[in-house]
Asks: 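Can you keep this structure in mind? I'll have questions shortly.
Atoms within a ligand are numbered from 1 in the order they appear, just like the ligands themselves.
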Amino acid sequence: MSCLPTRKASFIGGAKYRRKTYGSNHPLAIPRVSLTHELIQTYGALSDAEFMDARKAADFELEWFHTPDYVSAFKRAEALGRVSNPVRQRHKLGTLENPYFEQFFTVPATATGASIQAAEVVIGGRIGFNPAGGMHHARPDQALGFCYFNDPVLGIMRLRREGWRVLYVDIDAHHGDGVEAAFIDDPDVFTLSLHMDTGYAYPFTGGRLEDAGTPQSGHTCLNVPLPKDTHDAEYQLLFNAVWQPLLAKFRPDAVVLQAGTDMIFADPLGKLGLSTQCFLRTAQTILDTSPTHADGTPRLLVTGGGGYHPLVLARAWTGLWALLSGRELPDALPAAGAELLRSVGWDMDEDEAHFAQLFISRLDQIETHDVRTEIHRLIDQIPQHPYFRKP
Ligand SMILES: [Zn+2]
C-alpha cells in the first residue's frame, strides 16, 4: 500500500531511537519514535525523500540555552558510565525521574539536533516533524520531568536567528514550563500552553491563567489550565477562544507545535478525557492557519512530546504525519499495523473498554458530553488576559 503526499514535509527520525532508553522501569521505557515510524510504513505513508536522519546537536548549539557546565558534566557522565553525587544533586541527572542509561547524553542530544534540523527544514520551505523532540521541561542547568535538553527552545532559537517571530503552542497534557521560562521576557516569542491544571497535575506550580508573562515582553504568554476529564467539545471551545484572536494579534512568522499525546484519554499519566480525533482536529486547525511560505507551505515546526501509552501515541502521530504531509489515511489500521501494535506486548489497560479499538482503528470511539459551567467561566476570562487587553 502506498499513498502520495500533497504537501512538503520532512519526518526526522533515526536508528538511535531504536535502542532501549530510560532503562526498564520508567514511563518512557516504551517504543515511541520507532513504533510511529513503523506504523506509518504499514500505511505506506512515508517516502524515502521525506525521511531525514536526525543529527546530534553540537555542544555550541546546546549552549545557546544550556550552561557549559551542564553540557560538560552530562557528557562526562556518559563517558564515565555513571553520575557522581555532586552532578546528580546540581544537575538532577541520574535520578529516578531523569535516569542514567547507556548513551543518555547522545540520545537526547540527537533528539535536540533534530529539532534544530526541523527549524532549518522550515526555514528551507518544508514542514519539519521531529517526533523525538518536545522535551519542554528541561532548564538551562538541570534536567527536569524526563527532559534532558529543551529542544523546543533550541528550535525556536534557530528560527529567531532568521529574525522570525515565533508562536509556540503546546498541547501536551503538562504545562510547557521550561519553554515559557526561556522566553518570558522576549516580545517576539509567544508561548501558549493548554494543560492539566497544576492544582492536580505535574509540575504542581505555575501554568495558571493569571501567569501571563511579564510587562517587558508585553505579556506574550498564555496558559489555559484544564480541569480533570476535559472532553472534546470543551477543549475545542477553549482552543477556538484563544487561537484565532492570538494569531490575529501576534501575527507570527512561524508556528512551533509541541504535540504530546498524553492529552489523549487513555494515557496512563494524563487525566484528560480527549480523543485522538480531538488531538488531530487541533493539529489540523494549527496547520490550516499557520503563516505560509510563498508557495503556500505552512511555516510549521512540529515536535513530539509526552505520551506514555505507546499504542495511542503511535496511532496519534501517524495521523499527525498524514495531516502534515497532506495524505488521506483510512481510519482502519492495516493488518500489518494491527500486528505491529500487538507485537509491543502492552497490556496496562487491556481490561478497559477502549482496548480492543486500539488495534482496529487509528481513531477512538467517544461519547459526547455537555460543556460544564467551569469551562464557560474559563472562556469568559480569556479576553481579560493582559495581552488581549493592551491596545
Ligand atoms: Zn506531558
Side-chain angles (χ1 to χ4, degrees), residues 17 21-22 26-33 35-36 92 95-99 108 111-112 115 129-139 142-153 155-156 168-182 191-208 211 222-230 235 238-239 256-276 278-280 282-283 286 302-317 320 348-349:
Y17 310 125
T21 54
Y22 288 88
H26 190 280
L28 284 177
I30 52 170
R32 302 172 92 246
V33 176
L35 189 66
T36 301
K92 306 283 183 255
T95 60
L96 277 178
E97 186 176 285
N98 315 303
T112 302
S115 279
F129 179 37
N130 171 26
M135 300 294 131
H136 58 175
H137 298 305
R139 298 307 163 118
Q142 278 188 340
L144 199 66
F146 317 156
C147 302
Y148 299 86
F149 293 120
N150 202 315
D151 63 278
V153 166
I156 292 167
Y168 172 75
V169 47
D170 186 320
I171 63 171
D172 187 283
H174 301 97
H175 178 218
D177 54 356
V179 185
E180 175 182 306
T191 57
L192 165 65
S193 178
L194 296 92
H195 46 259
M196 297 188 286
D197 194 312
T198 59
Y200 68 87
Y202 185 88
F204 303 106
T205 180
R208 300 166 306 166
D211 298 322
L222 205 167
N223 286 299
V224 183
L226 306 168
K228 275 185 194 170
D229 301 318
T230 295
Y235 192 90
L238 279 164
F239 187 80
V256 174
L257 165 63
Q258 197 272 23
T261 66
D262 46 4
M263 57 103 85
I264 299 171
F265 75 101
D267 189 272
L269 300 190
K271 295 183 170 65
L272 302 174
L274 305 169
S275 69
T276 302
C278 179
F279 172 86
L280 293 174
T282 306
I286 293 166
V302 182
T303 70
Y308 307 93
H309 190 308
L311 316 183
V312 166
L313 173 143
R315 288 154 86 245
W317 285 350
L320 177 59
M348 197 184 253
D349 49 351

Asks: Would you mind naming the N, O or S atom of Asp262 nearest to the Zn ion (ligand 1)?
Replies: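 Considering only N, O and S atoms, Asp262 comes nearest to the Zn ion (ligand 1) through OD2.
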Asks: Please state whether the separation between the Zn ion (ligand 1) and some N/O/S atom of His174 is under 2.8 Å?
Replies: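 Yes - counting backbone and side chain alike, His174 has an N, O or S atom under 2.8 Å.
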Asks: Looking only at N, O or S atoms, find the one in Asp172 nearest to the Zn ion (ligand 1) and name it.
Replies: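 Restricting Asp172 to its N, O and S atoms, the minimum distance to the Zn ion (ligand 1) goes to OD1.
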Asks: Would you say the side-chain atoms of Asn130 pair up with the backbone N or O of Ala111, donor to acceptor, closer than 3.5 Å?
Replies: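 A pair under 3.5 Å: yes.
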Asks: Hey, can you tell me if His195 and His175 have their rings parallel, tilted or perpendicular (30° and 60° cut-offs)?
Replies: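 Taking His175 first and then His195, their aromatic rings sit tilted (interplane angle of 30° to 60°).
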Asks: Distance to the ring centre below 6.0 angstrom and angle to the axis at most 45 degrees; does that hold for Lys271 and Tyr200?
Replies: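 Pair Lys271/Tyr200 does not count as cation-pi.
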Asks: To the nearest 0.5 Å, tell me how far Asn223 CG sits from Arg208 CZ.
Replies: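 Taking CG in Asn223 and CZ in Arg208, the distance rounds to 9.5 Å.
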